[in-house]
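Counting from 1, the numbers follow the sequence of the chain as shown.
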Amino acid sequence: MAVAKPTTMVLRRRTRAPKRYSEDEDGLGCYDVYCERCGSGDFGSKLLLCDKCDKGYHLFCLRPILVSVPKGSWFCPSCTNIKQPQLFPLVQTKIVDFFRIRRSSESMENLSNIKKRKRACSLAVSKRKRKLLAYNPTEDPQRRLEQMASLATALKASGTEYSDGLTYRPGMALRSANCAALEKGGMQILPKEDIETLNLCKKMMEKGECPPLMVVFDSVEGFTVQADRYIKDLTIITEYVGDVDYLKNRENDDGDSMMTLLHASNPSKSLVICPDKRSNIARFVNGINNFSPDGRKKQNVKCVRYDVNGECRVLLIANRDIRKGERLYYDYNGYEHEYPTEHFV
């Protein structure tokens with residue numbers, strides 16, 4: 001792939017992203033190549049050339065937008081014939097197998113009773129102590145199948161295996177490396193009651209009671225997640241999961257969904273979550289444009305890192321009431337304020 005400024009390397013990481021560029025970033029425009037969408041040759045370091053037809057496209061003019069220059073070969077939309085992703089079959093047995101759901105009528109009934117008691121308790125004390133709430137699954141089993149099928153479609157299209165927990169793979173970080181005590185400045189501890197709520201959410205998903213969310217494909221934003229029913233403030237949306245690795249191993253990784261797990265005082269012990277091989281619906285929740293007031297207004301989910309029984313975990317939590325049909329957005333940057341989001345819609 002050719003770019004106007006081959007020495008410029010853009011990292012696709014939330015832990016150390018390039019600075020926001022300005023109009024005169026390159027010192028000069030790209031005079032021999034221009035963007036097929038906007039007709040401009042400016043911003044040369046953001047201009048991609050198709051490896052098949054040699055036409056140029058700005059990262060921010062592509063739909064969906066690309067955050068950074070991808071590694072290896074890249075082909076423009078015309079040469080790849082991008083189509084709507086193939087829908088996952090809406091067949092119960094296939095969905096049960098895909099998500100490895102453990103299902104029995106008796107255990108589902110018992111779980112439902114526990115869930116109602118837990119939620120009633122949480123609602124009673126949340127106004128006073130701001131406790132986290134378990135998500136409220138859709139009652140209609142057929143609709144839940146449709147929600148899971150939408151997630152399965154997105155995972156299949158992105159070549160990702162479903163997982164609902166952090167995974168530790170050979171050659172990456174060991175589970176023993178995930179030690180919350182190493183967090184620089186300390187990490188907030190998730191209270192016992194909230195741990196129980198988180199575990200309840202995990203058990204519901206294992207039984208096929210998924211969060212009331214639908215993954216949809218948007219021509220501008222790509223895969224995105226929207227609420228399929230009303231979601232109350234402080235509800236646990238999901239846990240951010242994937243393979244755990246050392247940050248030092250991912251310095252030049254071009255994964256655009258990487259998430260900080262442990263920001264250690266010793267940089268060599270810092271960890272990241274890599275959801276490119278194994279993940280859940282968290283991978284498809286989009287970020288806000290935090291360079292604009294309108295972008296910040298769209299944020300309805302907060303990304304929070306917690307110490308859960310001595311281990312670091314990352315939760316996505318509703319930070320206000322979310323209406324049915326509303327898309328979910330959170331701030332990629334957190335406290336780092338470095339991830340390039342100025343071109344997000």
Side-chain angles (χ1 to χ4, degrees), residues 85 87-123 126 131-157 162-165 194 196-218 223-241 279-286 300-302 315-330:
L87 296 177
F88 192 85
L90 192 61
V91 179
Q92 183 174 357
T93 54
K94 289 184 178 294
I95 292 174
V96 167
D97 290 341
F98 186 88
F99 291 102
R100 300 183 292 277
I101 294 171
R102 297 196 296 270
R103 183 186 292 270
S104 71
S105 58
E106 183 178 355
S107 61
M108 286 292 287
E109 183 178 354
N110 293 338
L111 180 62
S112 179
N113 292 334
I114 294 173
K115 175 192 64 179
K116 290 176 181 177
R117 291 199 301 271
K118 291 280 187 182
R119 186 170 295 112
C121 178
S122 297
L123 287 171
S126 62
K131 297 300 182 184
L132 299 183
L133 309 177
Y135 62 78
N136 192 7
T138 302
E139 291 86 355
D140 182 4
Q142 182 64 24
R143 188 59 178 176
R144 290 205 300 269
L145 285 179
E146 293 172 9
Q147 292 164 357
M148 287 187 283
S150 73
L151 172 56
T153 297
L155 291 171
K156 291 282 285 185
Y162 172 74
S163 175
D164 201 34
D194 290 341
E196 292 176 353
T197 301
L198 176 61
N199 291 337
L200 173 61
C201 291
K202 296 283 187 180
K203 290 177 182 177
M204 285 194 290
M205 189 63 200
E206 289 175 0
K207 300 297 183 180
E209 291 194 337
C210 60
L213 304 169
M214 192 72 74
V215 184
V216 297
F217 184 78
D218 183 277
F223 285 111
T224 185
V225 179
Q226 65 186 35
D228 205 36
R229 69 179 301 172
Y230 168 80
I231 298 175
K232 187 175 176 60
D233 183 22
L234 291 179
T235 295
I236 296 176
I237 302 297
T238 188
E239 179 179 356
Y240 205 98
V241 303
S279 191
N280 61 6
I281 201 167
R283 178 178 177 179
F284 304 108
V285 179
N286 285 340
N300 49 21
V301 174
K302 188 173 181 62
L315 304 185
L316 297 184
I317 301 167
N319 66 351
R320 62 172 171 81
D321 293 346
I322 303 174
R323 303 183 306 275
K324 179 181 179 180
E326 188 176 348
R327 290 188 178 178
L328 273 54
Y329 294 94
Y330 70 105

A.B. asks: Got a sec, which residues hit side-chain contact (heavy atoms from CB on, under 4.5 Å) with Glu239, two or more places apart in sequence or on another chain?
C.D. replies: Leu166, Lys202, Val241, Arg313, Leu315
A.B. asks: Considering residues at least two apart in sequence or located in another chain, which fulfil the side chain to side chain donor-acceptor pair (under 3.5 Å) criterion with Thr238?
C.D. replies: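 Per chain and number, Thr238 pairs via side chain to side chain donor-acceptor pair (under 3.5 Å) with Asn280.
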A.B. asks: Going by side chain to side chain donor-acceptor pair (under 3.5 Å), name the residues that satisfy it together with Asn300, two or more places apart in sequence or in a different chain.
C.D. replies: Glu326
A.B. asks: List the residues meeting side chain to side chain donor-acceptor pair (under 3.5 Å) with Thr138, not counting sequence neighbours, and say none if there are none.
C.D. replies: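 Side chain to side chain donor-acceptor pair (under 3.5 Å) check on Thr138 returns Gln147.
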A.B. asks: Val91: which residues meet the side-chain contact (heavy atoms from CB on, under 4.5 Å) condition with it, sequence neighbours left out?
C.D. replies: Pro89, Thr93, Lys94
A.B. asks: Using the test side-chain contact (heavy atoms from CB on, under 4.5 Å), find all partners of Asp194 that sit at least two apart in sequence or belong to another chain.
C.D. replies: Lys131, Leu132, Leu190, Pro191
A.B. asks: Please list, chain by chain and in numerical order, all residues satisfying salt bridge (Lys or Arg N to Asp or Glu O under 4.0 Å) with Glu139, sequence neighbours excluded.
C.D. replies: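 Salt bridge (Lys or Arg N to Asp or Glu O under 4.0 Å) list for Glu139, sorted by chain: Arg229.
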A.B. asks: With sequence neighbours excluded, what pairs up with Asp321 under the salt bridge (Lys or Arg N to Asp or Glu O under 4.0 Å) test?
C.D. replies: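 Testing Asp321 for salt bridge (Lys or Arg N to Asp or Glu O under 4.0 Å), a comparison that skips the adjacent residues, returns none.
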A.B. asks: Report the residues that fulfil salt bridge (Lys or Arg N to Asp or Glu O under 4.0 Å) with Arg143, sequence neighbours left out, ordered by chain and then residue number.
C.D. replies: Glu146, Asp228
A.B. asks: Listed by chain and number, what are the side-chain contact (heavy atoms from CB on, under 4.5 Å) partners of Asn199, not counting sequence neighbours?
C.D. replies: Ile195
A.B. asks: List in chain and number order the residues that pass side chain to side chain donor-acceptor pair (under 3.5 Å) with Ser163, two or more places apart in sequence or in another chain; answer none if no residue qualifies.
C.D. replies: none
A.B. asks: For Phe223, check ring-ring contact (aromatic ring centres under 6.0 Å, His included) against everything at least two apart and list the hits.
C.D. replies: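 Phe223: ring-ring contact (aromatic ring centres under 6.0 Å, His included) contacts with Phe217, Phe284.
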